[in-house]
Amino acid sequence: MCLLCYFGATKSSNISASLIKPRLKDIKQILKEHKNLYTYGMIFCLFFTFQALLNYVPFELAQILGAHSGAKTGALYAGYALGGALGSFLPGFI
């Protein structure tokens, strides 16, 4: 992470990007392909399912354990992040 920030900061600043707001017509054109529609739909469902789980877990931990602290929730989230990182960097071994 530190190396990424270092190389990003030392890179030439002559690069510029122009952002264009997508029009509804362009979005419809992209989603007409079933592969794109399926991909965006899966990402949408995965994101909101995981978000709902992460918002629900601290309340459930407080109810089950009683003496609940933010450190326990942080450790749980760190475990999720570590599992996500390992899952994305090591797909051939899983």
Side-chain angles (χ1 to χ4, degrees):
M1 185 82 141
C2 292
L3 288 175
L4 182 62
C5 291
Y6 172 76
F7 288 122
T10 59
K11 208 170 186 181
S12 174
S13 63
N14 295 336
I15 300 172
S16 65
S18 61
L19 301 175
I20 302 170
K21 184 177 178 181
R23 296 176 297 205
L24 186 60
K25 182 178 82 170
D26 297 333
I27 294 171
K28 285 181 182 178
Q29 178 99 18
I30 291 170
L31 294 179
K32 278 185 182 177
E33 289 187 38
H34 292 290
K35 185 178 180 181
N36 291 340
L37 182 63
Y38 177 75
T39 302
Y40 282 117
M42 291 301 295
I43 291 170
F44 177 82
C45 290
L46 180 69
F47 171 76
F48 282 105
T49 302
F50 196 65
Q51 185 65 30
L53 175 71
L54 291 180
N55 285 330
Y56 180 70
V57 164
F59 299 108
E60 197 62 32
L61 281 177
Q63 186 178 17
I64 293 171
L65 300 177
H68 172 65
S69 69
K72 290 179 184 176
T73 306
L76 181 68
Y77 290 165
Y80 284 148
L82 182 62
L86 289 176
S88 64
F89 290 125
L90 303 172
F93 297 109
I94 295 177

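Given the structure is predicted, the values throughout are model-derived calculations rather than measurements.
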Using side-chain contact (heavy atoms from CB on, under 4.5 Å) as the criterion, list what pairs up with Tyr80, not counting sequence neighbours. Phe50, Leu53, Leu54, Val57, Leu76, Tyr77
Other ILVMFWY residues reachable from Phe44 by side-chain steps of under 4.5 Å: Phe47, Phe48
All N/O donor-acceptor pairs, side-chain side in residues 29-42, below 3.5 Å, sequence neighbours left out:
unit_1: Asn36; atom_1: ND2; unit_2: Ile30; atom_2: O; d: 3.1
unit_1: Thr39; atom_1: OG1; unit_2: Lys35; atom_2: O; d: 2.8

